[in-house]
Amino acid sequence: MAARSVFSAGLFRDKVAIVTGGGTGIGKAIASELLGLGCNVVIASRKLDRLKETAENLVTQISPANPNRVTALKCNIRKEEEVESMVKTTLNIYNRIDFLINNGGGQFPSPSEEISAKGWNAVVETNLTGTFYCCKAVYNAWMKEHGGAIVNIIADMWKGFPGMAHTGAARAAVDNLTKSLAIEWAHTGVRINSVCPISPMVCFLLSPAASFITGETIKVDAGQSLYHSPWTVPDHDRWPEAPDGENARALKKMMANVPPSKL
Ligand code: ADE
């Protein structure tokens, strides 16, 4: 059986979705849920062997009565010509593209001062530029004429992303790109939103239940970003000069998250 879904079977009957980075992890989970809801799914990434394995695995999850198909297409989203070719092949096979889920991405942990130009560019090109190429290609080749829905998978970077500044910057840029494209493409019936992350929210945003939602970023984090900061600043002695010692002490406690009542 495909992944269980809170949405009704057949919600996306005969629709076609492209899921980048669909070979593993959340991309695979999204592909599985879409498939279970009646959607044909193209999974695209750089590693064709793994994609094919995933496609075979996903097919075994759907009942033989389910006519949907999964197609694995090799595509490096950093290369615009490969993205255009992947979109063209999808149209040749399925004759339509209703949904694009930009999930392909990658990063590596590193202190910012040690990120090389090559590493920085690779992360920005995959997470930001690749997302842009995919949006642009599906829009020009199909959605401009027929409408559609796009969901970008981003990350919890609302308070910065120390240790992975490249991906934080790129994902924040995708959040902004989402808003720009939502406005530019609204008149063609294309909606575009972002999610950080989880697959039922993606299905909701693709569905008619979200037909009035565009340019939005949905945080699926149980409210954590409202009350919790994952980051702490290590203890140090480089505090700014304060006019008197009292103020400096209070400031230090405040920065250490001491509640105002205990200052
Ligand atoms: N997933 C991670 N990196 C990717 C890339 N460059 N192209 C497609 N999918 C990816």
Side-chain angles (χ1 to χ4, degrees), residues 16-35 39-58 70-94 97 99-110 115-142 150-157 161 163-175 177-178 181 192 194-199 202 206:
V16 175
I18 296 173
V19 183
T20 66
T24 54
I26 185 162
K28 182 177 173 186
I30 293 166
S32 174
E33 186 158 3
L34 288 172
L35 198 60
C39 203
N40 297 291
V41 181
V42 170
I43 50 175
S45 84
R46 282 178 304 174
K47 298 190 177 133
L48 190 59
D49 286 351
R50 195 159 64 191
L51 275 180
K52 282 187 174 161
E53 221 173 88
T54 300
E56 279 165 24
N57 178 263
L58 288 172
V70 187
T71 304
L73 293 182
K74 186 172 186 302
C75 173
N76 181 352
I77 57 172
R78 290 192 220 163
K79 304 232 155 82
E80 189 167 25
E81 63 281 6
E82 287 193 30
V83 171
E84 284 172 352
S85 159
M86 180 267 290
V87 167
K88 202 165 159 197
T89 307
T90 302
L91 286 172
N92 286 342
I93 297 171
Y94 292 106
I97 300 170
F99 309 134
L100 166 67
I101 297 90
N102 283 307
N103 168 70
Q107 52 274 315
F108 55 90
S110 173
I115 300 175
S116 66
K118 188 169 171 219
W120 176 271
N121 289 334
V123 171
V124 172
E125 280 171 20
T126 306
N127 294 296
L128 172 60
T129 314
T131 294
F132 173 65
Y133 288 159
C134 291
C135 291
K136 181 182 161 194
V138 294
Y139 182 77
N140 283 330
W142 182 261
I150 299 173
V151 173
N152 298 322
I153 306 299
I154 60 172
D156 179 355
M157 45 59 204
F161 211 145
M164 290 213 273
H166 40 26
T167 209
R171 308 294 184 144
V174 171
D175 175 50
L177 178 69
T178 300
L181 299 185
I192 173 161
S194 296
V195 168
C196 53
I198 280 188
S199 73
V202 175
L206 296 175

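Order of listing sets the numbers, starting from 1, for every ligand and every atom in it.
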Polar pairs, ligand 1 vs protein, N/O only, below 3.5 Å.
{"residue": "ligand 1", "atom": "6 (N)", "partner": "N76", "partner atom": "OD1", "Å": "2.8"}
{"residue": "ligand 1", "atom": "7 (N)", "partner": "C75", "partner atom": "O", "Å": "3.4"}
{"residue": "ligand 1", "atom": "7 (N)", "partner": "I77", "partner atom": "N", "Å": "2.9"}

To the nearest 0.5 Å, what is the distance between [atom1] ([X]) and [atom2] ([Y])?
X    : Y   : atom1 : atom2 : answer
Y94  : T89 : OH    : OG1   : 11.5 Å
N102 : I18 : CG    : CD1   : 9.0 Å
I43  : T54 : CD1   : OG1   : 5.0 Å

Any side-chain donor near an acceptor of the partner, T131 and N152, under 3.5 Å: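 On atom types as modelled, these side chains do not qualify, holding no pair under 3.5 Å.
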Could you give all pairs that pass the salt bridge (Lys or Arg N to Asp or Glu O under 4.0 Å) test and reach residues 121-142, with sequence neighbours left out? E80-K136
According to the interplanar angle, ranging from 0 to 90°, do the rings of H166 and F108 count as parallel (below 30°), tilted (30 to 60°) or perpendicular (above 60°)?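 Rings of H166 and F108: perpendicular, as their planes differ by over 60°.
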